[in-house]
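Single-structure report; data block below.
Predicted model only: the values in this text are computed from it and were never measured.
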Amino acid sequence: MSSKGSFHQRGSYFDCISERCTLPRDTYVSYLELFTYLHETNGHCFAIVEEDEHGEPMLASGCMKYEGSDFQCKDSPKAQLRRTIECCRTDFCNRDLQPTLPPLGNGLFDGSVRWMAVLISMAVCIIVTIILFSCFCYKHYCRWAAKRRCYNRDLEQDEAFIPAGESLKDLIDQSQSSGSGSGLPLLVQRTIAKQIQMMRQVGKGRYGEVWMGKWRGEKVAVKVFFTTEEASWFRETEIYQTVLMRHENILGFIAADIKGTGSWTQLYLITDYHENGSLYDFLKCATLDNRALLKLAYSAACGLCHLHTEIYGTQGKPAIAHRDLKSKNILIKKNGSCCIADLGLAVKFNSDTNEVDVPLNTRVGTKRYMAPEVLDESLNKNHFQPYIMADIYSFGLIIWEMARRCVTGGIVEEYQLPYYDMVPNDPSYEDMREVVCVKRLRPVVSNRWNSDECLRAVLKLMSECWAHNPASRLTALRIKKTLAKMVESQDVKI
């Protein structure tokens with residue numbers, strides 16, 4: 001079987017040269033025939049299986065001289081065709097070699113450079129996406145943390161801005177003596193609004209809710225407006241912060257603020273808190289004597305007079321008409337006097353320009369308390385005086401409510417709203433217009449009033465307030481002076 005020759009594997013890098021090579025050059029045989037070609041060698045004998053261009057396995061064997069055979073027996077991983085080579089180093093040893101083709105590649109994991117590049121690219125994309133997402137989240141976290149630190153810093157500054165131990169009275173007194181007389185500085189107002197603790201709801205109306213709150217242990221009233229009543233909140237805040245507006249018979253304003261996010265808004269108006277509630281609530285459960293009656297009436301008249309009066313000067317006060325006077329909008333203080341509240345519909349008069357500043361508000365006054373000229377729409381809206389006279393009419397009805405609860409000779413009427421026996425509980429404009437304008441009726445007065453000097457004087461006063469002709473009505477200053485004389489005659493301490 002000894003013969004000289006050489007073996008070349010087609011398409012490969014093998015050069016097989018041996019003294020005893022039994023396989024002719026370029027000979028390819030089947031796997032079963034492989035072992036009939038055995039070899040003697042001083043280097044390596046080999047067997048190789050290779051897939052041709054048609055995908056068919058081709059088997060061959062041969063020998064290699066000693067030099068470089070170790071290298072030749074290591075197949076190249078970059079070969080274009082699938083193949084396997086196995087080597088051995090003894091004579092005729094390749095008869096025991098049975099090389100097999102490597103398994104076909106599986107999807108992305110076939111080891112090819114192309115698929116390896118795809119895998120690496122996908123991995124890089126995933127890593128980059130994770131990094132970018134992490135950066136995005138971290139950026140938003142940093143913004144949130146910064147805002148939180150800023151908010152906490154603001155609160156700390158707020159705490160430092162209003163020193164511990166300062167009461168609301170101290171702050172207001174300081175602003176009155178050193179400021180413009182238009183209320184607390186806005187920063188102080190916002191600080192107070194942030195620090196208030198809401199305790200319980202004490203009232204509710206068409207504008208919103210009233211809560212009792214606490215600021216550093218002091219009770220305050222917090223009026224929370226519905227978002228639809230922003231105009232009322234703005235107007236009332238504006239009126240309360242008018243120069244020289246503060247008066248003992250006008251509800252004490254403390255602060256105003258807007259709290260909210262993009263989805264909700266709360267409009268706060270913070271004022272003094274009066275535990276006795278409104279005049280309406282007070283009269284339903286309490287009776288009066290002559291002194292208590294005069295104290296209530298006189299204090300309410302003082303508040304209305306201050307509201308109506310224009311104060312001239314560099315820092316003067318404009319004349320203001322309330323436009324919604326009623327017993328529910330007058331509060332009772334601890335000392336038994338009154339203060340006027342709810343200025344959301346108020347009208348200001350600028351004497352310099354002779355302009356009436358009417359709020360852009362869809363709300364109107366309470367129909368039961370509307371003057372005849374308001375009900376029949378004859379009120380001249382371009383002049384300020386008609387608004388003042390409409391307030392006086394409403395004030396006359398309020399005095400009637402008070403006088404009914406004054407005890408004389410052991411007799412007192414139960415509390416009722418004006419025109420309770422002439423119109424329904426919720427009267428319409430037409431109901432009120434028919435009674436007040438067409439029939440020209442006024443609330444019924446008990447005969448007992450004529451037998452009491454105080455009630456008789458009060459009856460005369462209220463009759464002049466609710467006169468049908470606005471020009472015939474008393475002014476707030478005249479009402480105040482008349483009641484002051486009555487208070488003096490009764491020796492009432494205000």
Practice prompt. Check Asp324 against Gly365 and note the closest heavy-atom contact, atom names and distance.
Written response: OD1-CA, 3.6 Å
Worksheet item: So how far is it from Ser121 OG to Ile126 CD1, rounded to the nearest 0.5 Å?
Response: 11.0 Å
Worksheet, complete the sentence: In this structure, NZ of Lys485 is separated from OG1 of Thr482 (nearest 0.5 Å) by 7.0 Å
Worksheet item: Short question: side chain of Thr242, backbone of Glu238 - any donor-acceptor pair under 3.5 Å?
Response: yes
Discussion item. Walk me through whether Trp449 and Glu413 qualify under side-chain contact (heavy atoms from CB on, under 4.5 Å).
Written reply: CA-CA 11 Å; Trp449 292 23; Glu413 288 88 40; 3.6 Å; yes
Practice prompt. Go through the side-chain N and O atoms of Tyr268 and Gln266 and say whether any donor and acceptor fall under 3.5 Å apart.
Written response: yes
Worksheet entry | Taking every non-hydrogen atom, the tightest pair across Tyr207 and Glu229 | O-CG, 3.5 Å
Practice prompt. For the residue pair Leu307 and Leu343, establish whether any side-chain heavy-atom pair is separated by less than 4.5 Å.
Written response: yes
Discussion item. Are more than 12 heavy atoms, taken from residues, nucleotides or ligands other than Asn425, located less than 6.0 Å from that residue's CG atom?
Written reply: no
Worksheet, complete the sentence: Residues Val224 and Met198: closest non-hydrogen pair is CG2-CE, 3.9 Å
Discussion item. So Cys406 and Asn290, do their side chains get closer than 4.5 Å, heavy atoms only?
Written reply: yes
Worksheet entry | Backbone N/O of Asp342 and side chain of His322: donor-acceptor pair under 3.5 Å | yes
Discussion item. Keeping Asn249 on the side-chain end and Cys338 on the backbone end, is there a donor-acceptor pair under 3.5 Å?
Written reply: yes
Worksheet item: Do you see a donor-acceptor pair shorter than 3.5 Å between the side chains of Gln189 and Gln241?
Response: yes
Worksheet item: Does the side-chain contact (heavy atoms from CB on, under 4.5 Å) test come out yes or no for Leu397 and Trp466, once each step is laid out?
Response: CA-CA 7 Å; Leu397 299 181; Trp466 65 37; 3.7 Å; yes
Practice prompt. Find out whether Val436 and Arg442 are in side-chain contact, i.e. whether some heavy atom of one side chain is under 4.5 Å from a heavy atom of the other.
Written response: yes
Worksheet item: Step by step, would you call Thr237 with Leu269 a side-chain contact (heavy atoms from CB on, under 4.5 Å)?
Response: CA-CA 7 Å; Thr237 300; Leu269 185 72; 3.7 Å; yes
Worksheet item: In this structure, are over 12 heavy atoms from other groups packed under 6.0 Å from Gln201 atom CD?
Response: yes
Discussion item. Please determine whether a side-chain nitrogen of the Lys or Arg among Asp281 and Lys328 lies less than 4.0 Å from a carboxylate oxygen of the Asp or Glu.
Written reply: no
Worksheet item: How about Tyr415 and Tyr280: do any of their side-chain heavy atoms sit closer than 4.5 Å?
Response: yes
Worksheet item: Got a donor-acceptor contact below 3.5 angstrom from the Lys480 side chain to the Gly303 backbone?
Response: no
Discussion item. Under a 3.5 Å cutoff, is there a donor and acceptor pairing between the side chains of Arg405 and Thr287?
Written reply: no
Worksheet item: Are Glu310 and Ser351 close enough that a side-chain donor and a side-chain acceptor fall under 3.5 Å?
Response: yes
Worksheet entry | Euclidean distance, Glu434 CD relative to Leu441 CG, rounded to 0.5 Å | 9.0 Å
Practice prompt. Examine distances only and state if a side-chain atom of Arg456 and a backbone atom of Asn450 form a donor-acceptor pair shorter than 3.5 Å.
Written response: yes
Worksheet item: Would you say the side chain of His274 lies within less than 4.5 Å of the side chain of Cys339, judging by non-hydrogen atoms?
Response: yes
Fill in: Check: Asn350 side chain, Val356 main-chain N or O, donor-acceptor pair, under 3.5 Å
no
Discussion item. As a quick check of understanding, evaluate salt bridge (charged side-chain N to carboxylate O under 4.0 Å, His left out) for Arg433 and Glu430, giving each step before the final call.
Written reply: CA-CA 5 Å; Arg433 194 184 71 81; Glu430 188 56 36; 3.1 Å; yes
Worksheet item: Quick one: are Ile330 and Ile398 in side-chain contact, heavy atoms under 4.5 Å?
Response: yes
Item to complete: Give the minimum heavy-atom separation between Pro359 and Ala346, together with the two atoms involved.
Response: CD-O, 3.3 Å
Worksheet item: Does the side chain of Asp391 come under 3.5 Å of the side chain of Ser394 through a donor N or O and an acceptor N or O?
Response: no
Discussion item. Given 3.5 Å as the limit, does a donor-acceptor pair link the side chain of Arg368 with the main chain of Pro418, or not?
Written reply: yes
Worksheet item: Which heavy atom in Ile320 sits nearest to a heavy atom in Ile388, and how many Å separate them?
Response: O-CD1, 4.2 Å
Worksheet item: In Å and rounded to the nearest 0.5 Å, what is the CG to CG distance from Leu279 to Asn276?
Response: 11.0 Å
Worksheet item: If we only count heavy atoms from C-beta on, is the Leu477 to Lys481 side-chain gap below 4.5 Å?
Response: yes
Fill in: Working for salt bridge (charged side-chain N to carboxylate O under 4.0 Å, His left out), residues Glu218 and Lys214
CA-CA 5 Å; Glu218 294 186 60; Lys214 284 191 176 181; over 6 Å; no
Worksheet item: Are any of the side-chain heavy atoms of Val444 and Arg404 separated by less than 4.5 Å?
Response: no
Practice prompt. Would you check if there is a donor-acceptor pair between the side chains of Thr366 and Lys326 at a distance under 3.5 Å?
Written response: yes
Discussion item. Checking Glu236 against Lys223 for the salt bridge (charged side-chain N to carboxylate O under 4.0 Å, His left out) test, could you report, in this order, the C-alpha distance in whole Å, the side-chain angles of both residues, the deciding distance, and whether it holds?
Written reply: CA-CA 11 Å; Glu236 193 159 6; Lys223 193 172 178 181; 3.1 Å; yes
Item to complete: Indicate the ring-plane relationship of Phe253 and Tyr240, choosing parallel, tilted or perpendicular according to the 30° and 60° boundaries.
Response: parallel
Worksheet entry | Working for side-chain contact (heavy atoms from CB on, under 4.5 Å), residues Leu251 and Ile340 | CA-CA 6 Å; Leu251 179 62; Ile340 297 174; over 6 Å; no
Discussion item. Please evaluate residues Arg473 and Glu373 with respect to the criterion salt bridge (charged side-chain N to carboxylate O under 4.0 Å, His left out), reporting the C-alpha separation (whole Å), side-chain torsions for both, the decisive distance (0.1 Å), and the verdict.
Written reply: CA-CA 13 Å; Arg473 296 172 197 160; Glu373 62 271 22; 2.8 Å; yes
Fill in: Distance, nearest 0.5 Å, that separates NE2 of His247 from CG of Leu304
11.0 Å
Item to complete: Of all the heavy-atom pairs spanning Val358 and Arg323, show the shortest one and how long it is.
Response: CG1-NH1, 4.2 Å
Discussion item. Counting only heavy atoms not in His468 (residues, nucleotides, ligands), do more than 12 fall under 6.0 Å from its NE2?
Written reply: yes
Discussion item. What's the separation between atom CD in Glu209 and atom CZ in Phe226, rounded to the nearest 0.5 Å?
Written reply: 5.5 Å
